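These notes are about the structure you will find just below.
As the structure is a prediction and not an experimental result, all values here were calculated from the model. Labels below follow one simple rule: chain letters A, B, ... track the order of the sequence lines, proteins then strands, and each chain is numbered from 1.
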Amino acid sequence: MRASRYFLPTLREAPAEAELVSHRLLLRAGFIRKLSAGVYSYLPLGLRTLNKVADIVREEANRIGAIELLMPALVPFDLLKETGRDAVEVLYRTEDRTNRQFALGFTHEEVITDIVRGHVQSYRDMPLCLYQIQTKFRDEPRPRAGLIRAKEFEMFDAYSFDSNEEDLDRIYKAMWEAYERMFRRMGLETLVCEAEAGDIGGSDNHEFMVVTPGGEDRVLLNEKTGFAANAERCDVGGTYEPASAEGVPPVEKVSTPGMRTVEEVTSFLKVSASKLVKTLLVRAGDETVAALVRGDRELNPYKLARRLGVPKVEMLEADAVRKATGADVGFAGPVGLQDVRIIADQEVRSMADFVVGANEDDAHLVHVCHGRDFEVHEFADIRIAVDGDPSPDGGVFKEVRGIEVGHIFKLGTRYSEPMGAVFTDEEGKEHPILMGCYGLGIGRSMQAVVEVSHDDAGIIWPVSIAPFEVVILVVNPEDRQQQEAAETLYTELQQRGVDVLLDDRDERAGVKFKDADLIGYPLRVVCGRTVAEGNVEVKWRREPDANPLPLSDAAQTISEWIAHERNRSL
RNA sequence: CGGGGUGUGGCUCAGUCUGGUAGAGCGCUGCGUUCGGGACGCAGAGGUCGGCGGUUCAAAUCCGCCCACCCCGACCA
């Protein structure tokens, strides 16, 4: 490709919208362009890289026997009703001219299960694993950071079908390993962690995280054992001896006018937040539950919901809080609460002499002890883990941030059962099919690479997913010798199958150098003044210095280097 | 959905408080000089100041409503 006839809309200044480095660089280097919040066009360079990422994913999926197909983006609403996922909030809803309702595909468990239930009837038809690479639509409440969280995005989604647990375990493991190869090949180091399953559901699931300060997920990592979990999911370890109320003065009511938040109460009463217990009132199904956590901790609603055996818990609204406690939000406490189940974080077990709300406007109680002043119905791990917490498998957690580039799930019968996707076993008995699903963000992975591989001048692509593997830069197109050397090398590299861009634009050399660094071609070949001596200058983007290379065998040498780099992985 | 912020030429922004001729840099067009890390000179083109309504002799500027976008929190590849 010749740059003079290509589309390289690089930006000298970063558009104001971009916060994250990778977002800014993709915009500036002309890979993507925003159309609307969370909706992006892939410009020619961006599409080339996106396709290369997709090809790696395809190759590795095929390698483990998965089979590609393509499902529609329009999904009849009735199909989602079969599994209750018509209530999912991020669904885009639409209807056709006869008022038939559709959703835009956000993931395709129902569609694939519908296909499979018609055709897989015997244990002999499995194992089966199907996948697609397709545009997904999600009405994200808050799109952000370019391709990291978009409303429309490219995703690889695979679905496995098995007749027994062992086979499901086998494909789950095979996909896990395939993911590791995929990410390594695109230049990403990933951390696998336990996670919440969200709207997908199912049992086991693992996320593949690219660890970077720019990531939006918090991950707790036990460096000693390698165990890692998303903060949404992470269990807190440690042992908690019951505290004794002995020697603690009797409960005393104190006036705390208008002091609702932990910060207000602690600074007003001059106690630290760790000496306060928050009482959070939540609705779990039909029941109202008071969840108690230390003042400086955060309730983990997922853990609480699991503990209570309900799909989700939600915070009570202000008027419901008043009904339950007799006081405004901010003054709830466990002492004297009627008809409300009290569940406390395990950490509270070893606390005594703490501060709680008085269930009365503008008042708190001090010197409170559980067991003496109120009964906790249950102690459990219900708070969000943070940096420095004990890990359940020993050792201490370190908190890091990550970009979730992949997520794999064992679904079990979550979809097959309600949708009637059953098979007949050896004995002629019917069972629901055991499923798994495996998602990988194509565009998100592309941006994650930029996030972890760039410098002040621009992107540093690995050869495996670079839009062009080599750029040939003609310093002075007026110089016949330089121009001819570049043309010859360009043709020869093309013949050898190298993705090469010839920057023959009538621009000053500085502009071309800056663009080359910004766009991040892995190898730069300069045809400049050294051509007169029979040399070109070659420089890897990831290395600081350029070296001379004789023109005579440049094409041969470069194509060998590139061939070698293509197969290189982390 | 809650909190904070921003909408002025293709991009980055000033001007808004204190109403009175719409500005700068980059980019773009033409000519000339330059030519190995985002050149210089001269001449130009380009803007319903997010939208609608109001106040006023007069609105980018004041008031009201709406919209879009960004950032921080509840969701996910």
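Side-chain to base pairing of A:D515 with B:G38: one donor and one acceptor N or O lie within less than 3.5 Å of each other. With hydrogens and angles ignored, a donor-acceptor pair closer than 3.5 Å exists between the side chain of A:E13 and the base of B:G25. The base of B:G36 lies outside donor-acceptor range of the side chain of A:R524, with no N or O pair under 3.5 Å. In terms of polar N and O atoms assigned as donor or acceptor, the side chain of A:E537 comes within less than 3.5 Å of the base of B:G36 in a complementary pairing. A donor-acceptor contact under 3.5 Å is not formed by the side chain of A:R12 with the base of B:U12.
Residue A:R508 has a polar side-chain atom (N or O) positioned under 4.0 Å from OP1 or OP2 of B:A39. In this structure, A:Y438 does not reach the B:A77 phosphate: none of its side-chain N or O atoms is under 4.0 Å from OP1 or OP2. OP1 or OP2 of B:C70 has at least one side-chain nitrogen or oxygen of A:K34 nearer than 4.0 Å. Regarding contacts with the backbone of B:G73, a side-chain N or O of A:R142 is found under 4.0 angstrom from either OP1 or OP2.
Nucleotides B:G2 and B:G19 place their P atoms 34 Å apart, quoted to the nearest Å. Taking atom P on both B:G44 and B:C52, the two are 33 Å apart, rounded to the nearest angstrom. Using atom C1' as the reference point in both B:U6 and B:A14, the two lie 15 Å apart (nearest Å). Taking atom C1' on both nucleotides, B:U21 is separated from B:G64 by 29 Å, rounded to a whole Å. Nucleotides B:U8 and B:G46 are separated by 14 Å at their C1' atoms, to the nearest Å. Annotation: B:G15 and B:G25 have their C1' atoms spaced 15 Å apart (nearest Å). For B:U29 and B:U48, the C1' atoms lie 24 Å apart once the distance is rounded to whole Å. Nucleotides B:C63 and B:C17 are separated by 15 Å at their C1' atoms, to the nearest Å.
Checking B:G36, B:C70, B:G37 against the side-chain heavy atoms of A:V526 singles out B:G36 as nearest. When the nucleotides B:C75, B:G73, B:G36 are ranked by their closest atom to the side chain of A:V90, B:C75 comes out on top. Taking the side chain of A:R138 as heavy atoms from C-beta on, and the options B:G36, B:C71, B:C76, the nearest nucleotide is B:C76. Ranking B:G38, B:C75, B:C11 by closeness to the A:K514 side chain, first place goes to B:G38. In this structure, the nucleotide among B:G73, B:G36, B:C76 sitting nearest to the side chain of A:R444 is B:C76. Proximity note for A:F513 (side chain, C-beta onward) versus B:C71, B:U12, B:G37: the nearest is B:G37.
As rounded to whole Å, 18 Å separates atom P of B:C76 from atom NE2 of A:H206. Atom-to-atom, CE of A:M315 to P of B:G73 comes out at 18 Å; the value is rounded to the nearest Å. Distance, A:L299 CG to B:A74 P: 12 Å, rounded to whole Å. Atom NE2 of A:H108 is separated from atom P of B:A77 by 14 Å (rounded to the nearest Å). Rounded to an integer number of Å, the gap from A:N476 CG to B:C35 C1' is 7 Å. Rounded to whole Å, atom P of B:C35 lies 21 Å from atom CG of A:D504.
B:C42 is paired with B:G30 under the criterion used here, namely a Watson-Crick or G-U wobble arrangement in which both key atom distances are under 3.5 Å. In a base pair of the Watson-Crick type (N1 to N3 plus N6-O4 or O6-N4) or a G-U wobble (N1-O2 and O6-N3), with each distance short of 3.5 Å, B:C57 is matched with B:G20. A 3.5 Å limit on both hydrogen-bonding distances identifies B:C1 as the Watson-Crick or G-U partner of B:G73. Base pairing of B:A68 is made with B:U6, judged by Watson-Crick or G-U wobble geometry with both donor-acceptor distances under 3.5 Å.
No donor-acceptor contact under 3.5 angstrom links the side chains of A:E232 and A:N300, judged on distance only.
Across all strands shown, A:D217 has heavy atoms under 4.0 Å from base atoms, whether or not it also approaches the sugar-phosphate. Counting non-hydrogen atoms under 4.0 angstrom, A:E140 reaches a base of the nucleic acid. Residue A:T530 is in base contact, counting any heavy-atom pair closer than 4.0 Å across all strands shown. Heavy atoms of A:R28 sit under 4.0 angstrom from at least one base atom. Using a 4.0 Å heavy-atom distance criterion, A:G406 is classed as a sugar-phosphate-only contact. Among the atoms of the strands shown, base atoms are found under 4.0 Å from some heavy atom of A:V511. Nucleic acid contact class of A:L473 (heavy atoms, under 4.0 Å, all strands): none. Residue-level contact check: A:F208 touches neither bases nor backbone, having no heavy atom under 4.0 Å from any strand. A:S445 comes within contact range of no nucleotide atom at all, as no heavy-atom separation falls under 4.0 Å. Residue contacts for A:A14: at a heavy-atom cut-off of 4.0 Å it reaches the sugar-phosphate backbone alone, with no base atom in range. Residue contacts shown for A:E404 include a base, since a base heavy atom lies under 4.0 Å away. When heavy atoms are screened at a 4.0 angstrom cut-off, A:R144 is found touching the sugar-phosphate backbone but no base atom.
In this structure, the side chain of A:K303 engages the main chain of A:C234 through a donor-acceptor pair within 3.5 Å.
The side-chain ring of A:F153 is stacked on the base of B:A77, judged by centre separation under 5.5 angstrom and plane angle under 30 degrees.
Both A:E298 and A:R33 lie near RNA chain B, and the one whose nearest nucleotide falls closer to the 5' end is A:R33. Mapping A:L147 and A:T10 onto RNA chain B by nearest heavy atom places A:T10 at the nucleotide closer to the 5' end.
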Which donor-acceptor pairs under 3.5 Å do the side chains of residues 542-551 of chain A make with protein atoms, sequence neighbours left out?
unit_1 : atom_1 : unit_2 : atom_2 : d
A:R542 : NH1    : A:E565 : OE1    : 3.3
A:R542 : NH2    : A:E565 : OE2    : 3.1

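A salt bridge is absent between A:R233 and A:E207: the closest approach of a Lys/Arg side-chain nitrogen to an acidic carboxylate oxygen does not fall below 4.0 angstrom. Between A:R185 and A:E59 a salt bridge is recorded (basic side-chain N to carboxylate O distance below 4.0 Å). Taking the charged nitrogens against the carboxylate oxygens, A:R2 and A:E487 do have a contact shorter than 4.0 Å, which makes a salt bridge. Ion pairing between A:K173 and A:E177 holds under the 4.0 Å rule for side-chain N and carboxylate O. Checked for salt-bridge contact, A:D455 and A:R541 meet the test: a charged N lies under 4.0 Å from a carboxylate O.
Legend: side-chain hydrogen bond (donor to acceptor under 3.5 Å, both in side chains) pairs involving residues 29-42 of chain A, not counting sequence neighbours, sorted by first then second residue: A:H23-A:Y40.
Between A:F468 and A:Y6, the ring centre distance stays below 6.0 Å.
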